[in-house]
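What follows is one structure encoded as structure tokens, with my remarks underneath.
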Protein chains: 2
Amino acid sequence: MAATGSVTGSIAKLQRHSGEPLRDQILQRCRWLLLGGHVVPGQKLPLRPLAEEFNTSLMPVRDALNRLVADGALELSSSRTIRVPEMTGDRLLELHEIRRALEGMAAEQATHHISNTAIDRAAQLIGEMEAALAAGDFDGYIRNHYSFHFTIYAAANRPTLLGMIEVLWLQVGPWFRQGIERASAMRIDANTCHDRVIGALRARDATGVRAAIEEDIFDRIEDLHASGP
Amino acid sequence: MAATGSVTGSIAKLQRHSGEPLRDQILQRCRWLLLGGHVVPGQKLPLRPLAEEFNTSLMPVRDALNRLVADGALELSSSRTIRVPEMTGDRLLELHEIRRALEGMAAEQATHHISNTAIDRAAQLIGEMEAALAAGDFDGYIRNHYSFHFTIYAAANRPTLLGMIEVLWLQVGPWFRQGIERASAMRIDANTCHDRVIGALRARDATGVRAAIEEDIFDRIEDLHASGP
DNA sequence: TATGATAATTTGTGATAACAAACACTATGA
DNA sequence: TCATAGTGTTTGTTATCACAAATTATCATA
């Protein structure tokens, strides 16, 4: 068994009493670990080593991880160790059924409110996505992919809905990263869906936007699921 | 301002080292406080008084309340006091758009899996609901109403979906209680929707079940919203 | 009486330590 | 060689305490 070592790649130090609580700063970093797939299904995340990396006590780390457990992004196996959940076929299916419903709803509603500059920004992100993927920069690809979707969803002005979608992305994050790395060579045409999203947004065609987003989600799970076991 | 006094009505003592953690026992009780509307929008929930009522330290109470804040069922106002959020028109609309999508999905999928005994049990709950409402027993009404919906949703076998729906109910709980008390006299025909749900379940008509559930949710918000400011 | 400064209290956050349950390892026996 | 009991370690949970920020109460001043 390989020593996990540093999982955070922590650079900037956390600061106490600086506006937001340590718990939230740690939560933010852990979120990106999941979204970016820097942790792997099955991996253990013990409190004490993490607290040492962050130079804090157990408590804020515990708070952050408990939150992620509540969100379903982490799990307590045998109620004694916190780990990244394995992705099963059932869970993947369920998560994407929900994603389709909620992200479809957000996209449809965003159509009526999103600004032209936000649409331009989203369109630009498609290019940066492709460039990152071509360069083998998976981190950059995932970051841009995230930004593309969430600039659109955020325009729906539905804070609760947006939070629920974020939780879903946290849950599929580790799986998504693995799938992207496996399937990167064979796939770039997810961007055809993305282009259709942009086109429908420009035309203010809410139904079209929803359909394009739903198809994007559907295609993604098809491809990634087909590319691996 | 009235002294809040005991909010829990705590009877059974909590037990340490008895299977599930104190945090979860407290969380369970707080959940029912919200679902049953025993706390009121705007009400403060300070850690120390609660800890004293539960005869525990701050920590498990803190954990439970943090979880509910994460779920959006409570909020940190000015990041120094925890309180039950006020219900705004926007929030109510958003919550019910999401409820309609997710509960519709759960009901539709439950249709194919739910057992006949579960259907019978749900049908029976309709009667108990009516009886409780007629007797002015709002607690009983709400409890039966909850059981009716969740015996159906649980049959869908979608754990993540079920958890998300529970969170939504936590958020509308206090508002729902207020609305029921206000509108109790004028409304019993929500049960016509409930009867239609049972009928469609017996016919294994998934589309009909979804439609009936969606209409139930829609009617409910219409009535309760109309009955109050 | 109204208003603004200031002190006292209350609040959530974070650190440290003690604890019990789960885990991992080792020695023992067949 | 393999199973098993025993022991030491690791893990999350809870209690207690210290702290800073926000709130509330108090009182001087206009």
Side-chain angles (χ1 to χ4, degrees), chain A residues 1-5 7 10 13-30 39 42-85, chain B residues 1-5 7 10 13-30 39 42-85:
Chain A
M1 159 164 330
T4 53
V7 292
S10 169
K13 290 288 173 221
L14 280 64
Q15 288 244 326
R16 205 178 160 183
H17 301 146
S18 68
E20 69 173 347
L22 284 177
R23 177 217 327 166
D24 295 338
Q25 300 177 46
I26 294 173
L27 181 59
Q28 204 55 28
R29 301 210 185 183
C30 291
V39 289
Q43 180 174 345
K44 290 200 254 186
L45 293 178
L47 297 185
R48 270 162 257 252
L50 276 177
E52 198 171 359
E53 279 196 56
F54 287 126
N55 275 307
T56 69
S57 76
L58 292 187
M59 301 312 299
V61 180
R62 188 172 103 89
D63 286 344
L65 263 54
N66 269 339
R67 164 69 182 269
L68 292 170
V69 169
D71 288 341
L74 298 176
E75 69 177 2
L76 276 77
S77 68
S78 73
S79 84
R80 196 52 50 169
T81 58
I82 297 176
R83 53 173 70 240
V84 183
Chain B
M1 157 166 328
T4 54
V7 292
S10 169
K13 290 289 173 222
L14 280 65
Q15 287 243 326
R16 206 178 159 183
H17 301 148
S18 69
E20 66 174 348
L22 283 177
R23 178 218 327 167
D24 294 338
Q25 301 178 46
I26 294 173
L27 181 58
Q28 204 55 27
R29 301 211 185 184
C30 292
V39 290
Q43 181 174 343
K44 290 200 257 188
L45 293 178
L47 298 185
R48 270 161 256 251
L50 277 178
E52 197 172 358
E53 279 197 57
F54 287 126
N55 275 307
T56 68
S57 74
L58 290 187
M59 301 311 301
V61 180
R62 186 171 104 90
D63 286 344
L65 263 55
N66 269 340
R67 164 68 181 270
L68 292 170
V69 169
D71 287 342
L74 298 177
E75 70 177 1
L76 276 77
S77 69
S78 73
S79 82
R80 197 50 53 165
T81 58
I82 297 176
R83 53 173 70 241
V84 183

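A note on names: the letters A, B, ... follow the listed sequences, proteins ahead of strands, and every chain is numbered from 1. Atom set for the values below is all heavy atoms of this structure, side chains included, hydrogens, waters and symmetry mates excluded.
Taking CD1 of B/I26 as the start and CD of B/E53 as the end, the distance is 11.0 Å to the nearest 0.5 Å. Taken from CG in B/N55 to CZ in B/R16, the straight-line distance is 12.5 Å, to the nearest 0.5 Å. The distance from the CG atom of A/L22 to the CG atom of A/L27 is 12.0 Å, given to the nearest 0.5 Å.
Distance B/L22 CG to D/dT14 C1': 7 Å, rounded to the nearest Å. Atom pair A/L74:CG and D/dT11:P shows a separation of 16 Å (rounding to whole Å applied). Rounding to whole angstrom units, CG of residue A/L50 and C1' of D/dG12 are separated by 13 Å. Between A/L76 atom CG and D/dT13 atom C1' there is a gap of 11 Å when expressed in whole angstrom units. For B/D24 and D/dG12, the CG to P distance is 15 Å, given to the nearest whole Å.
In this structure, the side chains of A/Q25 and A/S18 come closer than 4.5 Å at one or more pairs of heavy atoms. The side-chain heavy atoms of A/L50 and A/L65, taken from C-beta on, include a pair separated by under 4.5 Å. Side chains of B/L76 and B/T81 form no contact here, defined as non-hydrogen atoms less than 4.5 Å apart.
Scanning residues 56-66 of chain B for heavy-atom distances under 4.0 Å to DNA chain D yields B/T56, B/S57, B/M59, B/P60.
Contacts of B/I26 with the nucleic acid, taken as non-hydrogen atoms under 4.0 Å apart, are absent.
For the pair B/R67 and B/D63, the salt-bridge criterion is not met [side-chain N within less than 4.0 Å of a carboxylate O].
For A/L58, the side-chain contact (heavy atoms from CB on, under 4.5 Å) criterion is met by A/L47, A/R48, A/A51, not counting sequence neighbours. The side-chain hydrogen bond (donor to acceptor under 3.5 Å, both in side chains) check on B/T56 picks up nothing, with sequence neighbours excluded.
Around the CD atom of B/E20, the shell of radius 6.0 Å holds more than 12 heavy atoms that belong to other residues, nucleotides or ligands.
Applying the salt bridge (Lys or Arg N to Asp or Glu O under 4.0 Å) test to every pair with at least one member in residues 74-84 of chain B, sequence neighbours left out, gives no pairs at all.
For DNA chain C, the outermost nucleotides in 5' to 3' order that have an atom under 4.0 Å from a heavy atom of chain A are C/dT13 to C/dC23.
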Identify each atom pair where a protein N or O and an N or O of nucleotides 20-23 of chain D are less than 3.5 Å apart, giving names and distance.
unit_1, atom_1, unit_2, atom_2, d
D/dT23, OP1, B/S78, OG, 2.5

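Between D/dT11, D/dA15, D/dT13, one nucleotide has an atom nearer to the side chain of B/R23 than all others, and that is D/dT13.
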